[in-house]
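Side-chain atoms are counted along with the backbone in the values below, which use heavy atoms only and exclude waters and symmetry mates. So you know, we letter chains A, B, ... as the sequences are listed, proteins then strands, and number each from 1. Every value quoted in this text rests on a predicted model; they were computed, and no experiment measured them.
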Number of protein chains: 2
Amino acid sequence: MLHNEGFHALDRQECLRRLAKVPVGRVVYTRQALPAVLPVNFSLDADSSVLLRTSAGSGLVHAIDGVVVAFEADDFDAAARSGWSVVVTGRAAVVTDPAEHERLSRVGPRSWVVTRDDVFVRLESEMVTGREVTGAHGAA
Amino acid sequence: MLHNEGFHALDRQECLRRLAKVPVGRVVYTRQALPAVLPVNFSLDADSSVLLRTSAGSGLVHAIDGVVVAFEADDFDAAARSGWSVVVTGRAAVVTDPAEHERLSRVGPRSWVVTRDDVFVRLESEMVTGREVTGAHGAA
């Protein structure tokens, strides 16, 4: 649906504004040479990086620490054939600085489930793209 | 949130049942050596493959025809810290058989926007995984 006509691009500020309004996005990465995707709750830091919280021993951390990943969030209304999506592409890195970890423990995202040995992962918002479809064209 | 405890796996049939209930998913692939993701509306074919419809000349078709991709759909309730996600991993291929194209023009997904030179892309559901988080653990 969102491949050519019928949508328009969102600028970086608008993308970040929309990202801030949704609780869940999806980390897109490579695992064992295959495309992989995992929904996560997240928050945006003051520098517009995306913050995740997970277990230090998780497969996700192993796969993405130090690697360029994509992060996607969206909101669609199928009945109206409208909605938007934003993709952040940038390097992921576990937060290793103790003071920063402590700060994020207060202001960063909270886990939805019980985790052990929590770490925060920061995704730099090096490239931020987004688009909106306003729908109702109803092409067959 | 979905990385370790607090969630349970969904079997293939349950994954497909849930996929059939949502209109939009996300194709996960590689573009210019970077992870990429694009939301699309879709439908499931009788053989449980995922069907997309897009323009023959789209960047998506160029990137995924003949390639193994992932396809993700989910539904979360942030207030309840619950929800589910399903990931289909398999080979994508443009439908080139004219009879099959004609059949899908009748029963396949409809584009949300105006497209030209429509093609259908089939994603084989070679690997289907899913999980559900029932939330409310509220771990810090």
Between Ala78(B), Ala36(B), Gly108(B), Pro23(B), which has the largest tally of heavy atom pairs under 4.5 Å with chain A? Ala78(B)

First locate atom CD1 of Ile64(B), then atom OG of Ser58(B), and finally report the distance between them rounded to the nearest 0.5 Å. 7.5 Å

Give, for atom CZ of Arg106(A) and atom CG of Leu104(A), the distance between the pair rounded to the nearest 0.5 Å. 9.0 Å

Cluster link Val61(B) to Val95(B), ILVMFWY, side chain under 4.5 Å: no

In terms of heavy-atom proximity below 4.5 Å to chain B, should Val68(A) be classed as side chain, backbone, both, or neither? both

Value for OG (Ser125(B)) from CZ (Phe71(B)), rounded to nearest 0.5 Å, stands at 11.5 Å

Please flag which part of Val37(B) lies under 4.5 Å from any non-hydrogen atom of chain A: side chain, backbone, both or neither. both

